[in-house]
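Okay, structure first, notes after.
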Number of protein chains: 2
Amino acid sequence: MTISEENYIKVIYHLSLVSPKGVNTNAIAGMLETKASSVTDMLKKLSEKDLVSYQKYQGVSLTENGLLSAKMIVRKHRLWEVFLVEKLAFNWDEVHEIAEELEHIKSEALINKLDAFLGFPAFDPHGDPIPNEKGVIQKVNKLLLSEAELNREYFCIGVKDSSSEFLKYLDKQKIALGSTFKVIEKESFDDTLTVEVNSQEKIISNKIANNLYVQ
Amino acid sequence: MTISEENYIKVIYHLSLVSPKGVNTNAIAGMLETKASSVTDMLKKLSEKDLVSYQKYQGVSLTENGLLSAKMIVRKHRLWEVFLVEKLAFNWDEVHEIAEELEHIKSEALINKLDAFLGFPAFDPHGDPIPNEKGVIQKVNKLLLSEAELNREYFCIGVKDSSSEFLKYLDKQKIALGSTFKVIEKESFDDTLTVEVNSQEKIISNKIANNLYVQ
DNA sequence: ATAAAAATTTAGACAAAACTAAAAATTAAT
DNA sequence: ATTAATTTTTAGTTTTGTCTAAATTTTTAT
Ligand SMILES: [Mn+2]
Ligand SMILES: [Mn+2]
Ligand SMILES: [Mn+2]
Ligand SMILES: [Mn+2]
């Protein structure tokens with residue numbers, strides 16, 4: 001697989017988690033910042049290679065082959081992110097772009113040795129699960145902070161949006177994986193939350209609450 | 001720079017250490033396993049970008065720009081090799097190919113943090129010097145084992161050929177960086193050496209002796 | 001049910017990096 | 001100094017991945 005093919009497969013994978021019955025051409029184009037016509041061309045090629053099943057106008061989904069390939073790319077991406085944060089002391093908002101390149105390095109031995117070196121981590125710095133050598137992904141119960149019950153204790157276990165802007169905002173607010181949350185009040189007008197974060201009271205907008213996973 | 005351009009620049013760099021007055025088209029083609037006509041095309045492009053100075057039929061050399069770029073690629077290659085051997089427990093004969101890919105990852109921050117993580121190593125697993133952040137390469141006195149004096153103690157500090165075959169042969173012979181050498185006798189007919197390696201007597205062919213650096 | 005809007009695909013073009021075959025320049029040999 | 005051999009460059013294609021513009025299909029709205 002070329003780097004370009006791998007990027008397509010990975011995007012189709014991520015999109016199919018949200019729309020399992022078929023991924024749209026435009027959605028793929030949006031994620032890859034390319035044009036719909038380019039996507040159509042690529043879908044034909046990926047279909048040729050039995051990585052996706054594709055019928056024109058009907059959307060696309062991954063084949064078994066494609067699914068496993070996608071998981072391996074995601075595995076590499078997330079392991080490299082762990083390496084960058086844990087070993088090289090990058091901040092969690094700086095690693096995505098670099099991992100976007102590292103995920104395409106070809107060696108199987110490399111990724112399995114990296115996995116061992118890191119101590120077989122189960123989650124990446126953003127709380128996303130890391131597929132194992134066989135592509136198995138540990139399922140985790142989680143909900144959005146916006147769905148949390150009032151006056152119950154939760155832990156932050158992940159972010160939905162892992163853009164640099166959002167992560168920097170969380171840094172500023174001293175919110176990190178492991179932070180404790182207790183929702184004190186929910187404003188019914190705009191769903192703004194009053195939350196105790198690590199025992200400190202904060203006002204949290206609905207947009208933020210919709211991008212934090214808790215447990 | 002594209003990956004392809006970087007590979008050309010690096011090869012021109014290595015070849016220009018041997019032939020400083022200008023690198024041949026065919027030599028480049030040989031190293032990159034491509035055709036001379038492809039090389040000519042690329043040289044025009046690299047010349048456009050002021051990475052090489054090139055006049056047709058006259059060979060090519062790196063500009064100041066090109067030289068610095070080349071050193072940065074070599075720096076990345078060798079630092080990644082150190083990482084693979086020191087941290088991931090790869091053998092020294094397994095790392096070249098993987099580093100060939102890793103050397104093209106773009107981030108400056110990455111490579112400088114990797115350098116720090118590794119403790120600012122001066123040499124790679126094959127004894128080759130690692131350029132620093134500014135591209136400065138520490139000069140080291142060394143000679144080939146074939147040029148060594150009789151009955152003097154030397155240390156192995158590097159290999160000239162770092163092919164997997166040669167390195168595996170050295171493993172089998174229990175020769176590694178740091179091994180001590182004392183040449184006992186030189187057969188004048190074919191330059192075969194009788195050598196004490198780590199106090200053990202071995203017969204070493206001229207071809208081998210021509211690919212081991214000692215000090 | 002029909003028309004308008006949106007999504008998707010096709011057709012044709014382009015840039016990058018490679019190739020083959022042929023032409024041109026340089027170097028080596030007589 | 002010519003000729004022959006070698007090296008290098010040019011000319012013309014090919015493949016990959018992209019683009020724009022136009023055509024087609026599907027979806028939505030009246
Ligand atoms: Mn990527
Ligand atoms: Mn992540
Ligand atoms: Mn390379
Ligand atoms: Mn090396």
Side-chain angles (χ1 to χ4, degrees), chain A residues 1-16 18-62 66 69-70 73 100-101 103-106, chain B residues 1-13 15-16 18-62 66 69-70 73 100-101 103-104 106:
Chain A
M1 265 205 272
T2 65
I3 291 177
S4 193
E5 287 171 344
E6 290 191 344
N7 283 332
Y8 273 91
I9 288 292
K10 196 183 59 164
V11 160
I12 294 167
Y13 170 73
H14 285 310
L15 289 171
S16 65
V18 186
S19 38
K21 45 198 59 176
V23 175
N24 298 327
T25 302
N26 268 343
I28 299 168
M31 294 273 275
L32 287 169
E33 299 185 86
T34 183
K35 296 301 159 74
S37 56
S38 307
V39 174
T40 302
D41 285 346
M42 183 59 89
L43 292 183
K44 287 177 187 164
K45 197 183 354 159
L46 295 175
S47 183
E48 257 338 285
K49 295 194 175 186
D50 192 36
L51 292 163
V52 303
S53 59
Y54 165 65
Q55 283 162 268
K56 47 178 175 165
Y57 295 104
Q58 299 315 127
V60 69
S61 59
L62 294 173
S69 304
I73 301 164
E100 203 59 43
E101 290 186 58
E103 72 190 357
H104 302 292
I105 304 292
K106 289 285 176 289
Chain B
M1 265 204 274
T2 65
I3 290 176
S4 193
E5 288 170 346
E6 290 191 345
N7 283 332
Y8 273 91
I9 288 292
K10 197 182 58 164
V11 160
I12 294 167
Y13 170 73
L15 289 171
S16 64
V18 186
S19 38
K21 47 197 60 176
V23 175
N24 297 327
T25 302
N26 268 344
I28 299 168
M31 294 273 276
L32 287 169
E33 300 184 86
T34 184
K35 298 300 159 75
S37 54
S38 308
V39 174
T40 303
D41 286 345
M42 183 58 90
L43 292 183
K44 286 177 189 164
K45 196 180 359 157
L46 295 175
S47 183
E48 255 341 282
K49 296 194 176 187
D50 191 38
L51 292 162
V52 302
S53 59
Y54 166 64
Q55 281 162 270
K56 45 178 175 166
Y57 295 103
Q58 300 315 128
V60 69
S61 58
L62 294 173
S69 304
I73 301 163
E100 202 59 43
E101 290 184 57
E103 71 190 357
H104 303 292
K106 291 284 176 288

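For the numbers below, each heavy atom of this structure counts, side chains included, while hydrogens, waters and symmetry mates do not.
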Practice problem: Give the rounded distance in Å between these two atoms: NZ of A/K49 and C1' of D/dT16. | Solution: 10 Å

Quiz prompt | Close side-chain approach of A/E101 and A/I3, heavy atoms under 4.5 Å | solution = no

Exercise. Give the rounded distance in Å between these two atoms: CD of A/E33 and P of D/dT18.
Key: 12 Å

Exercise. Tell me which nucleotide among C/dA18, D/dT26, C/dT10 gets nearest to the side chain of A/Q58.
Key: D/dT26

Distances under 3.5 Å only, N/O to N/O: pair up the protein atoms with those of nucleotides 5-7 of chain D.
none

Quiz item: What is the distance, rounded to the nearest whole Å, between atom CE of A/M42 and atom C1' of D/dC19?
Solution: 14 Å

Quiz item: Distance check: side-chain N/O of B/S38 vs OP1/OP2 of C/dA18, anything under 4.0 Å?
Solution: no

Self-check item: Main-chain N/O of A/S16 paired to A/S19 side chain as donor or acceptor, under 3.5 Å
Solution: no

Practice problem: Figure out the CG/P separation between B/L46 and C/dA18, and round it to whole Å. | Solution: 11 Å

Practice problem: Measure from CG on A/L43 to C1' on C/dT8 and round the result to the nearest Å. | Solution: 10 Å

Quiz item: What integer distance in Å separates B/Q55:CD from C/dA24:C1'?
Solution: 17 Å

Exercise. Select from A/T34 and A/K56 the residue whose nearest nucleotide in DNA chain D is closer to the 5' end of that strand.
Key: A/T34

Quiz item: What integer distance in Å separates A/D41:CG from C/dT9:C1'?
Solution: 9 Å

Self-check item: Residue-phosphate contact under 4.0 Å: A/K44 side-chain N/O, C/dT10 OP1/OP2
Solution: yes

Exercise. Name all pairs fulfilling the salt bridge (charged side-chain N to carboxylate O under 4.0 Å, His left out) condition that reach into residues 23-44 of chain B, sequence neighbours left out, sorted by first residue then second.
Key: none

Quiz item: Backbone N or O of A/Y54 within a donor-acceptor pair of the A/K56 side chain at under 3.5 Å?
Solution: no

Quiz item: Between D/dT18 and A/S4, is there an OP1 or OP2 to side-chain N/O distance shorter than 4.0 Å?
Solution: yes

Quiz prompt | Residue-phosphate contact under 4.0 Å: A/K35 side-chain N/O, C/dT8 OP1/OP2 | solution = no

Practice problem: May I have the distance from A/Y54 (atom OH) to C/dT8 (atom C1'), rounded to whole angstrom? | Solution: 7 Å

Quiz item: Is any side-chain N or O of B/S37 closer than 4.0 Å to OP1 or OP2 of C/dA21?
Solution: no

Quiz item: CE of A/M1 to CD1 of A/I73: how many Å apart, nearest 0.5 Å?
Solution: 4.5 Å

Quiz item: Who are the side-chain hydrogen bond (donor to acceptor under 3.5 Å, both in side chains) partners of B/K49, not counting sequence neighbours?
Solution: B/E5

Quiz item: Can you tell if the side chain of A/I12 reaches within under 4.5 Å of the side chain of A/L46, non-hydrogen atoms only?
Solution: yes

